[in-house]
Each structure stands twice: as structure tokens, then as C-alpha cells.
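Residue numbers start from 1 in every chain, and the chains themselves are labelled A, B, ... in the order their sequence lines are given, proteins ahead of strands.
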Amino acid sequence: MRPGPDPLGSPEDADRAFRAPRPAAWYGRPTVVVARELLGQLLVRRDAGGLRLGRIVETEAYVSGDRANHAFLGPTARNRSMFGPPGTLYVYRIHQVHCANVVTGFGEAVLLRSLEPLYGILEDPRGPGRLCRALAIGRRDDGTSVVDGAVRIARGPGPPPAIDRGVRVGIRRARHLPLRFALRGSPWVSRPGLGGRGRSR
DNA sequence: TCATTGATTTGCT
DNA sequence: GCAAATCAATGAT
């Protein structure tokens with residue numbers, strides 16, 4: 001019997017992830033592919049307070065021609081980061097929280113919706129707003145790169161995970177598009193419908 | 001300058 | 001299940 005993937009709970013794990021980020025070209029692929037493959041990847045934050053590490057368990061894709069996409073009407077002051085190179089962070093504020101996305105292609109991005117805490121995360125990171133709060137992601141991170149910035153993404157351990165797919169959450173337009181992805185069976189997914197402990201029945 | 005809107009979260013019924 | 005909180009971006013006046 002072999003043990004499963006390493007639990008990755010140590011500061012050394014966080015440091016290793018921070019030093020070995022995915023290259024920019026990894027993000028420059030079709031948005032839906034990146035949204036799926038981001039599941040199981042490591043999200044790591046370094047700041048004056050130290051390191052924080054989590055596993056991405058839920059994402060949403062925002063694609064070209066998608067009316068729910070902030071970039072649908074073209075570049076504006078808010079969304080200009082979405083037109084940066086692959087791997088650019090697009091951080092925006094909605095209501096009283098921030099949400100973080102990773103740019104894939106021109107005007108396309110993946111919303112990071114939920115995280116499994118691995119190291120240094122003291123608050124609940126389930127949901128895009130809580131994820132940003134737990135990692136102290138804010139306006140100053142908008143336009144930075146997950147390849148060489150203070151917030152980075154690195155390869156996760158283990159084989160490609162089983163993935164659930166469904167409709168996106170909380171949007172008004174283009175509700176029918178199945179562009180939400182989650183790690184099957186993960187209790188860290190933000191809302192019922194995908195992941196979680198399965199449907200009660 | 002004013003009004004509307006929202007890729008959320010929280011608390012109450 | 002529903003509404004309120006709360007604020008910056010956006011578009012209209």
C-alpha cells in the first residue's frame with residue numbers, strides 16, 4: 001500500500017511552491033482547460049506575515065462572448081488586467097469583498113472560488129470573497145502575475161483529480177453555461193451542487 | 001454629480 | 001429562502 005499524496009502542511013512546502021511557480025505558458029491555453037487543470041494546484045501567498053498555502057478546489061471560467069464576463073464590453077479601468085498576459089491576476093471588488101481571477105487569454109480569465117487550507121490560513125477560504133480575505137488578496141494584487149508576484153500558483157501533488165462540472169454561481173447573465181468546476185467530493189467547495197459530500201438523498 | 005448594479009456574504013424567518 | 005449590508009465602477013444627466 002502506498003500512501004496518498006503528501007499532506008503538504010509545512011512551511012517548507014509553502015516555500016517550495018512559492019519558488020517553483022507554473023510558467024506563464026501554462027495559463028496561455030483554452031480557458032476551460034486552465035479552469036479544470038487549476039483544480040488541485042497550489043495557491044501560495046508571501047507577504048511580511050509569512051507564507052500561506054492552499055489547494056484550489058473550485059473555479060469558474062469567464063470566456064469570450066460570455067455576457068457574465070466583466071470583459072464582455074471591452075477594456076475599462078476596472079477590467080484592464082484581464083487584457084494582460086496569461087498569468088496576470090485580475091482582482092476586483094464586489095459588494096464588500098474582493099475576488100481573484102487568473103488571466104488565460106485576451107479578455108478571458110478563471111475565477112478562483114474556493115481553497116482547501118494547507119498552511120498558514122487562519123480564516124475560512126470557501127467562496128471567492130473569503131478566499132481573498134484568507135490570503136489577504138486585495139487591490140494591490142490586481143495586475144500582478146502568479147508567475148513572479150506575491151501570489152503564485154504551483155503544481156499540486158498527485159494525479160489529475162476527478163472533476164465535477166456545473167453552472168456558475170451568483171451571476172445574473174449567462175446562467176446556463178456549465179463553466180463551474182470543482183474537485184469531486186471535496187468538503188472545501190463553497191456551495192452545494194458540486195463537490196461536497198454528494199447530494200443528500 | 002446622481003443612480004444603478006453586482007462573478008458576495010451574512011443573518012434572519 | 002430572502003433581504004440587507006455597503007462601495008466602487010459604470011453610465012446617464
How long is the straight-line distance from CD of A/E37 back to CZ of A/R155, given to the nearest 0.5 Å? 9.5 Å
A/D124 CG to B/dT9 C1', straight-line distance once rounded to whole Å: 11 Å
Counting only Watson-Crick pairs (N1-N3 plus N6-O4 or O6-N4) and G-U wobbles (N1-O2, O6-N3), all under 3.5 Å, who is the partner of C/dA3? B/dT10
Within the pair A/H70 and B/dA7, is there a side-chain N or O less than 4.0 Å away from OP1 or OP2? yes
Side chain proximity check, A/S190 to A/V169, heavy atoms < 4.5 angstrom: no
Just the endpoints, please: which first and last nucleotides of DNA chain C, 5' to 3', lie under 4.0 Å from a heavy atom of chain A? C/dA5 to C/dT10
Between A/R139 and A/Q96, just flag the one whose closest nucleotide in DNA chain C comes earlier from the 5' side. A/Q96
May I ask you to verify if any side-chain N or O of A/R93 is less than 4.0 angstrom from the OP1 or OP2 atom of B/dA7? no
Rounding to a whole Å, what distance do you find between A/N79:CG and B/dG6:C1'? 15 Å
Tell me whether A/R168 is salt-bridged to A/E60, with the criterion being a basic N under 4.0 Å from an acidic carboxylate O. no
Does either side chain, that of A/T104 or that of A/T31, offer a donor lying less than 3.5 Å from an acceptor on the other one? yes
Taking for A/R130 and for A/R172 the nucleotide of DNA chain B with the nearest heavy atom, the one nearer the 5' end belongs to A/R172
Atom CZ of A/R133 and atom C1' of B/dT8 are separated, to the nearest Å, by 10 Å
Whole-Å distance between B/dG6 P and A/F72 CZ? 14 Å
Would A/E123 and A/R130 pass as an ion pair if we require N to O under 4.0 Å? no
Are any of the side-chain nitrogens in A/R139 or A/D142 under 4.0 Å away from the carboxylate oxygens of its partner? no
Which whole-number value in Å describes the distance from A/H98 NE2 to B/dG6 C1'? 15 Å
Atom-to-atom span, NE2 of A/H95 to P of B/dA7 - whole angstrom: 7 Å
By the Watson-Crick or G-U definition, both distances under 3.5 Å, C/dT10 is matched with B/dA3
Give A/R67 one of three labels, base, sugar-phosphate or nothing, depending on what nucleic acid heavy atoms sit under 4.0 Å from its own. nothing
Once you round it to whole Å, what is the distance between P of B/dG6 and CZ of A/R78? 10 Å
Go through the steps for A/D47 and A/R52 under the test salt bridge (charged side-chain N to carboxylate O under 4.0 Å, His left out), then give the verdict. CA-CA 9 Å; A/D47 59 21; A/R52 312 181 207 199; 3.3 Å; yes
Gap between atoms OH and C1', on A/Y92 and B/dT5 respectively (whole Å): 13 Å
